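What follows is one structure encoded as structure tokens, with my remarks underneath.
FYI, the numbering just counts along the sequence from 1. No experiment lies behind these values; they were computed from the predicted model shown.
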Amino acid sequence: MRNFFGSARLSAVCLMSLAHLSPLAAQSSVDQQGVGGVANIYNLDRDAHVGGVEIHGTIDTAVAHQAIELIRSIRPDVDELTVFLSSPGGDVLAAIELGEEIRRQWALTAVGDDGEGECLGACVLVLAAGVRRTPVPERVGLQRLNFDQRDSDRERPKRKYAGLAKTIETYLARMGMPKKLFQEISQQSSGKVLLLDARRLKMLGLDGTDPAYERWLRENNYEQPPQSD
């Protein structure tokens, strides 16, 4: 795959990921994995009706919203829209919001194979949303959701964790992912990253094509897929 992270960066900063949720994060699971996240248009060719949006760095609400705006802005002009990912993780709810839009727009997702691309933690939720998913073995990694238990009310973090876990489980089911993917995420040791080889990427549904998308393409002679309003 071409190196798609050389284009100009447009914006956004972030401080979040899928692994650890502290009381300060309150509404979502995050991990302080550094600063920086950007979303920009990549290789848009309106004459050829192809184009993409790249996300590089940590995913937060600002990055997710910017990516969503870019996806919507170019979708009418392209038959095949791909969201390229290189991210160490980010805010879970922001990743889910972005993933929902990717699926609504019947967009593809891919991880760079230039030695720089990676998709860890919350980024996996975005990867899962693509109607066609193209990962890179050993560059996609699962992390366990965890709460920092320093809250004086020990039951409160547990309740938040349970609610967030259910949100993620429901989301992955809507994306057509096998139950095994959520189970694998939940079973990871705290603070560890499980890198997935080619076999496990296939088994967990992160490498493949959504059956409904495949069926629609066949029935419509592989023309442009439906677009969200």
Side-chain angles (χ1 to χ4, degrees), residues 1-14 36-90 94-141 175 196 198 201 206-210 213-214 216-217 220-229:
M1 185 181 296
R2 295 162 293 181
N3 185 344
F4 47 80
F5 296 116
S7 51
R9 304 295 192 248
L10 297 184
S11 68
V13 290
C14 155
V38 293
N40 35 253
I41 293 173
Y42 171 72
N43 277 6
L44 175 61
D45 186 337
R46 287 187 168 88
D47 291 333
H49 303 289
V50 296
V53 172
E54 65 172 7
I55 297 172
H56 190 216
T58 316
I59 299 167
D60 70 350
T61 301
V63 172
H65 287 178
Q66 185 185 16
I68 289 170
E69 289 179 5
L70 293 175
I71 289 168
R72 291 173 178 173
S73 72
I74 69 172
R75 192 66 178 102
D77 300 323
V78 300
D79 295 342
E80 183 173 286
L81 192 160
T82 303
V83 177
F84 298 102
L85 301 166
S86 182
S87 172
I96 288 176
E97 183 179 5
L98 175 55
E100 297 279 14
E101 183 65 23
I102 287 172
R103 182 55 63 92
R104 276 194 295 271
Q105 297 292 350
W106 288 52
L108 286 56
T109 53
V111 179
D113 62 357
D114 55 4
E116 297 180 9
E118 64 177 0
C119 186
L120 310 178
C123 177
V124 173
L125 303 179
V126 182
L127 175 63
V131 290
R132 181 180 298 142
R133 302 167 293 280
T134 308
V136 178
E138 310 298 341
R139 303 297 294 177
V140 176
M175 297 301 109
L196 304 176
L201 285 167
L206 295 172
D207 183 354
T209 304
D210 179 69
Y213 175 70
E214 252 184 354
W216 194 95
L217 289 176
N220 292 273
N221 297 316
Y222 292 88
E223 295 179 358
Q224 183 174 353
Q227 300 174 19
S228 175
D229 294 333

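Between the Arg75 side chain and the Gln105 main chain, a donor and an acceptor come within less than 3.5 Å of each other. The closest donor-acceptor contact from the side chain of Arg46 to the backbone of Asp77 lies at 3.5 Å or more, if one exists at all. Checking side-chain atoms of Thr109 against main-chain N and O of Leu127 turns up a donor-acceptor pair under 3.5 Å.
Taking Ala198 as the reference, Pro137 meet the side-chain contact (heavy atoms from CB on, under 4.5 Å) condition, with sequence neighbours excluded. Ala128 is linked by a side-chain contact (heavy atoms from CB on, under 4.5 Å) to Leu172, Met177, Leu206, counting only residues two or more places apart in sequence or in another chain. Listed by chain and number, the residues in a salt bridge (Lys or Arg N to Asp or Glu O under 4.0 Å) with Arg133 amount to none (sequence neighbours excluded). Annotation: side-chain hydrogen bond (donor to acceptor under 3.5 Å, both in side chains) contacts of Glu100 (sequence neighbours excluded): Arg174. The side-chain hydrogen bond (donor to acceptor under 3.5 Å, both in side chains) test applied to His65 returns Glu97, not counting sequence neighbours. In this structure, the side-chain contact (heavy atoms from CB on, under 4.5 Å) partners of Ser87, at least two apart in sequence or on a different chain, are Ile59, Cys123.
Between Leu70 and Asn40, the closest heavy-atom pair is CD1-CA, 3.5 Å.
Screening Leu44, Val50, Ile71 for a side chain to side chain contact (heavy atoms under 4.5 Å, CB included) involving Val78 leaves a single residue, Leu44.
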query = Can Arg104 and Glu101 be said to form a salt bridge (Lys or Arg N to Asp or Glu O under 4.0 Å), step by step?
reply = CA-CA 5 Å; Arg104 276 194 295 271; Glu101 183 65 23; 2.7 Å; yes
